[in-house]
Amino acid sequence: MATQRILDFLATRRPDGPCLVVDLDVVRDNFHAFEKALPDSKIFYAVKANPAPEVLRLLAQLGSSFDTASVAEVEMALDAGATPDRISFGNTIKKERDVQRAFALGIRLFAVDCVEEVEKIARVAPGSRVFCRVLTDGAGAEWPLSRKFGCVPAMAVDVLRHAKALGLDAHGVSFHVGSQQCDLRAWDRALGDAKMVFSTLEKEGIVLKMVNMGGGFPTRYLKDVPVAQAYGQAIFSALRKHFGNEIPETIIEPGRGMVGNAGVIKSEVVLISKKADNDNVRWVYLDIGKFGGLAETMDEAIRYPIATPRDGDEVAPCVLAGPTCDSADVLYEKTPYPLPLSLTIGDEVLIEGTGAYTTTYSAVAFNGFEPLRAYVI
Ligand SMILES: *Cc1c(COP(=O)(O)O)cnc(C)c1O
């Protein structure tokens, strides 16, 4: 939902063209909700969700640590005031020279998911802590991150053993249950796998210390989602179930759940038309689409709430599309989107829950449409 601060900003500033407005008060509330829900876990905000300097600075002040995926993101976190010990290089796919650069910047915590990556780190970031990412099936997530990252738990054992042999600190295990994960049981399965890696290595005298439980915490789009507290309870009971009285250090890496509901995109209806006189499918074209920041509508995976000035009037489904000359730039067609029949060209609409994964996806000015502007208030 758009907060009063966002509505006031749009009413007084009247920015022209599509833009994202992020309310820092909501980010602060989300941070505190995570702290309260998982009091024993350290929070590493996933920078890629929204790297606006104001967002990073606020989180750094609140005491957050940062999950980064590139040297550029490491530098953003440092610029925001985070010390290197509060930054994790969490991408499992890194150039060796980038590992070296991050090491030179003071970073000592790296993700791996294979022995090849361990070898890079041992060469250029000696003595660093590494954690091995295990695969999850991503079941229950609306934006799964499954096959690309992680290895099976049995291989994680080999990877961490190899890390130790090369003089690295075999620190722990990580996983990501898939983004926008609404199944509270997803963490239980993954924590069972993590425990298996811990136990197997312990028998060889390698004592792991940390489980990185990743992101996946949802934001509310059209459907209700469980609150942070429910995730906290489910995760805590899963930790107890698998680790008993020896719960390791844990970290979480919320991205979407930290900033998603803090942002609203203002957009404008550019055109409403039909494809034939006897066709009753309305096509509604906005001034923002897949290439302007709404990439997560790919396969219609994420369905954003859309508020219009005519809410309350009779609605009918329509195909919703972006403004560029690419036929892939259609947001919702397979499942048409209900919008008021009275909607008119020029109407401003608010696309809600767009604080995460929007500006970062619109860096290229495809078709002359400028990258999504953002105001952080
Ligand atoms: C993207 C990412 C996150 C954040 O995921 P959300 O689902 O947005 O919370 C966390 N950790 C890693 C390693 C990631 O790649």
Side-chain angles (χ1 to χ4, degrees), residues 22 27 30-31 33-34 37-38 41-52 55-56 59 64-70 72-74 76-77 86-94 102 107 109-113 117 130-151 156 171-184 186-187 190 194 210-221 225-228 231-232 235 250-263 295-296 301-302 304 353-361:
V22 175
V27 179
N30 289 339
F31 183 84
F34 279 118
L38 287 150
S41 297
K42 258 201 193 163
I43 299 172
F44 281 64
Y45 169 63
V47 172
K48 75 170 182 295
N50 189 323
V55 170
L56 301 185
L59 289 169
S64 187
S65 296
F66 296 88
D67 167 53
T68 64
S70 62
E73 284 191 355
V74 168
M76 289 179 209
R86 284 161 61 190
I87 299 173
S88 161
F89 201 153
N91 192 345
T92 52
I93 306 155
K94 303 174 283 301
I107 309 308
L109 184 62
F110 296 90
V112 296
D113 66 0
E117 194 74 11
V130 295
F131 54 91
C132 186
R133 182 154 167 180
V134 294
L135 277 172
T136 63
D137 61 9
E142 283 174 31
W143 190 258
L145 300 163
S146 51
R147 296 295 308 169
K148 184 167 171 185
F149 312 100
C151 60
H171 194 52
V173 174
S174 78
F175 56 79
H176 193 301
V177 294
S179 202
Q180 188 70 6
Q181 177 57 268
C182 295
D183 182 356
L184 298 173
W187 279 265
M210 187 273 287
V211 180
N212 174 347
M213 305 188 289
F217 308 95
T219 202
R220 189 184 186 285
Y221 296 113
V225 296
V227 294
Y231 285 87
I235 289 173
T250 54
I251 72 181
I252 54 168
E253 300 176 327
R256 190 186 303 277
M258 190 73 85
V259 290
N261 66 341
E296 287 199 319
I302 299 292
Y304 296 107
T354 42
Y357 303 122
T358 50
T359 52
T360 37
Y361 276 128

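All values derive from a computational prediction rather than experimental measurement. When a ligand or atom number is given, it counts from 1 through the structure's own listing order. Computed from heavy atoms alone, side chains included, the values below leave out hydrogens, waters and symmetry copies.
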For Gln181, is the nearest heavy atom under 4.0 Å from an atom of ligand 1? no
If only atom types and distance count, is the side chain of Tyr45 paired as donor or acceptor with the main-chain N or O of Asn50 below 3.5 Å? yes
Distance filter under 4.0 Å to Ala46 heavy atoms, resulting ligand 1 atoms: 3 (C), 4 (C), 10 (C)
So if I count the atoms of ligand 1 from 1 in the order they appear, which ones are less than 4.0 Å from some heavy atom of Asp67? 10 (C), 11 (N), 12 (C), 13 (C), 14 (C)
How close does the nearest protein non-hydrogen atom get to atom 13 (C) of ligand 1, and which residue and atom is it? Glu253 OE1, 3.4 Å
Contact atoms of ligand 1, heavy-atom distance to Pro254 under 4.0 Å: 9 (O)
I need the atoms of ligand 1 closer than 4.0 Å to a non-hydrogen atom of Arg133, numbered in the order shown. 13 (C)
What residue among Lys42, His171, Glu253, Arg133 forms side-chain hydrogen bond (donor to acceptor under 3.5 Å, both in side chains) with Asn212? Glu253
Gly257: heavy atom below 4.0 Å from ligand 1, yes or no? no
Are side-chain heavy atoms of Ser65 and Ile251 found at a separation under 4.5 Å? no
Pick one of side chain, backbone, both or neither for how Ala49 approaches ligand 1, counting any non-hydrogen atom pair under 4.0 Å. neither
Using atom types as modelled and distance alone, determine if a side-chain donor or acceptor of Asp67 lies under 3.5 Å from a backbone N or O of Ala46. no
Between Gln180 and Gly257 (side chain of the first, backbone of the second, donor and acceptor by atom type, cut-off under 3.5 Å), is there such a pair? no
Hey, does Lys48 have a side-chain heavy atom less than 4.5 Å from the side chain of Tyr357? yes
Quick one: which ligand 1 atoms are inside 4.0 Å of a heavy atom on Arg256? 6 (P), 8 (O), 9 (O)
Please check this pair: side chain of Glu296 against backbone of Thr358, looking for a donor-acceptor N/O pair closer than 3.5 Å. no
Please list, in number order, the atoms of ligand 1 under 4.0 Å from a heavy atom of Gly255. 4 (C), 6 (P), 8 (O), 9 (O)
Using a 4.0 Å cut-off to any heavy atom of Ser179, which atoms of ligand 1 qualify? 6 (P), 7 (O), 8 (O)
For atom 8 (O) of ligand 1, closest protein heavy-atom neighbour: Tyr357 OH, 2.6 Å
Determine the interplanar angle of the Trp187 and Tyr231 rings, folded into 0 to 90°, and report it as parallel if under 30°, tilted if 30 to 60°, perpendicular if over 60°. perpendicular
Could you tell me if the side chain of Ile93 sits less than 4.5 Å from the side chain of Lys148, heavy atoms only? yes
Phe66 and Glu73, any side-chain heavy atoms less than 4.5 Å apart: no
Can you tell which part of Met258 has a heavy atom less than 4.0 Å from ligand 1: side chain, backbone, both or neither? neither
Give the atom numbers and elements of ligand 1 that come within less than 4.0 Å of a heavy atom of His176. 2 (C), 3 (C), 4 (C), 5 (O), 6 (P), 7 (O), 10 (C), 11 (N), 12 (C), 14 (C)
Which heavy atom of the protein is the closest neighbour of atom 15 (O) of ligand 1, given with residue, atom name and distance? Lys48 NZ, 2.8 Å
